[in-house]
Amino acid sequence: MYKKIFCSLILGAMVFSLSALPSLMDKHSFDSASIQNLDVSLSWESITFKPVNNSDFFVEVYYGKKKYCPDVRLSSSTLIIESKHFDIGSKSDSKGCEVMVYIPANQKFKKIHISSTSGKVMGDLPYSEKVTAQTTSGSIKFETCITDFFDSSSTSGSITVSELSCKSLNVSTLSGTVGLELQRSLAKNSSISTTSGLIFISMPENSQISVRATTSSGGFTNSFTRDTFNSLVNYSKAINGGGPLLKLSSTSGTITLDSNTFITSPIVIYEDDPETEIPVVIFDENDF
């Protein structure tokens, strides 16, 4: 049998606050039946999505000054949440803007598009045909996400989804960590790539996929086949007979492909991204 250890990655200084949200400055409500798409374009503001058991769609903005609050409006069938001042994040009085989006639990979207410069993107997303989430330095952390196609990218922010159900995905970062726990087998070709960030992806034990993994100086582990490499990797393997191609690539970060059945603990990203715990598979000598 094999065992697992956890690798703690220090991503920044520990900054943790138990303070409450700033003052409620703006609130909007919409008929959920009129909304088919969600388009979010923020700069320094953080945004959280929460499911609710009602038929109304609410957006709340917590901040100290109303004139700096994002614009919230419905255009045709698209709910738009957009920064008014893209440069205000550099000012000392601009910190702490929180956007809360309360979505009916049974809501279905055609498209969800989220972009942010330095603000965090968090929460639970209901079903959407396509989900796009992009940041420059802000982290992306979804507890749940249900979609046909998950498309996400970040320059230095981490991308993690604790429960991701999708047919295909395209995820990329330069230096941010990628951590995904798939709840279903991929149905179409997919890819995950980083330059120096780590990649951890887990999926159901019966998943039928073809894996192609490449690294220059980072290691690679496939817990399905118990293959492990410590450096240069150019790896291909059919899992459970093979299926859609999953490309995994990192220049200097390690790559781990795991089975949901054996995950010791869920992926954890702490607030403000000071520390990340990513499962790393280690095999006993008796396994070989």
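Keep in mind that this is a model prediction, so the values were computed, not measured.
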Test side chain to side chain donor-acceptor pair (under 3.5 Å) applied to Asp227 and Thr225, step by step | CA-CA 5 Å; Asp227 294 329; Thr225 58; 2.8 Å; yes
Output, in order, the C-alpha distance, side-chain angles, deciding distance and verdict of side chain to side chain donor-acceptor pair (under 3.5 Å) for Ser46 and Tyr62.
-> CA-CA 10 Å; Ser46 293; Tyr62 293 83; over 6 Å; no
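The minimum heavy-atom distance linking Leu74 with Leu79 is given by the pair CD1-N, 3.8 Å. Across every non-hydrogen atom of Thr195 and Ser250, the tightest pair is O-OG, 3.7 Å. What you find for Ile209 and Ser185 is that their closest heavy atoms are CG2-OG, 4.4 Å. Nearest heavy-atom pair across Phe49 and Ile47 is CZ-CD1, 3.7 Å.
Looking only at side-chain heavy atoms (C-beta outward), Tyr235 and Ile255 stay at 4.5 Å or farther from each other. Between Val178 and Thr194 the shortest side-chain heavy-atom distance falls below 4.5 Å.
Between the side chain of Glu60 and the backbone N or O of His28, no donor-acceptor pair lies under 3.5 Å. In this structure, Ser210 contributes its side chain and Gly243 its backbone to a donor-acceptor pair below 3.5 Å. Side-chain atoms of Gln183 come within 3.5 Å of backbone N or O of Glu181 as a donor-acceptor pair. Between the side chain of Glu45 and the main chain of Ser43, a donor-acceptor pair closer than 3.5 Å is present. Remark: side-chain polar atoms of Ser190 are paired, donor with acceptor, to backbone N or O of Leu169 under 3.5 angstrom.
Judged by a 6.0 Å distance limit and a 45° cone about the ring axis, Lys84 is not positioned over the six-membered ring of Tyr68.
Between Asp148 and Lys130, no side-chain nitrogen of the basic residue sits less than 4.0 Å from a carboxylate oxygen of the acidic one, so the salt-bridge criterion is not met. At a threshold of 4.0 Å, the pair Glu129-Lys110 does not count as salt-bridged, since none of the basic side-chain nitrogens sits closer than that to a carboxylate oxygen.
Under the 4.5 Å side-chain contact rule for hydrophobic residues, Val101 and Ile112 share a cluster.
When each of Ile140, Leu180, Leu125 is paired with Cys145, the side chain to side chain contact (heavy atoms under 4.5 Å, CB included) condition holds for Leu125 and for no other. Considering Cys69, Pro70, Ser23 as possible partners of Tyr63, the one that fulfils the side chain to side chain contact (heavy atoms under 4.5 Å, CB included) test is Cys69. Here the options are Ser154, Ser153, Ser158, the test is side chain to side chain donor-acceptor pair (under 3.5 Å), and the partner is Thr135; only Ser154 passes.
With sequence neighbours excluded, the residues forming a side chain to side chain contact (heavy atoms under 4.5 Å, CB included) with Ser216 are Thr251, listed by chain and number.
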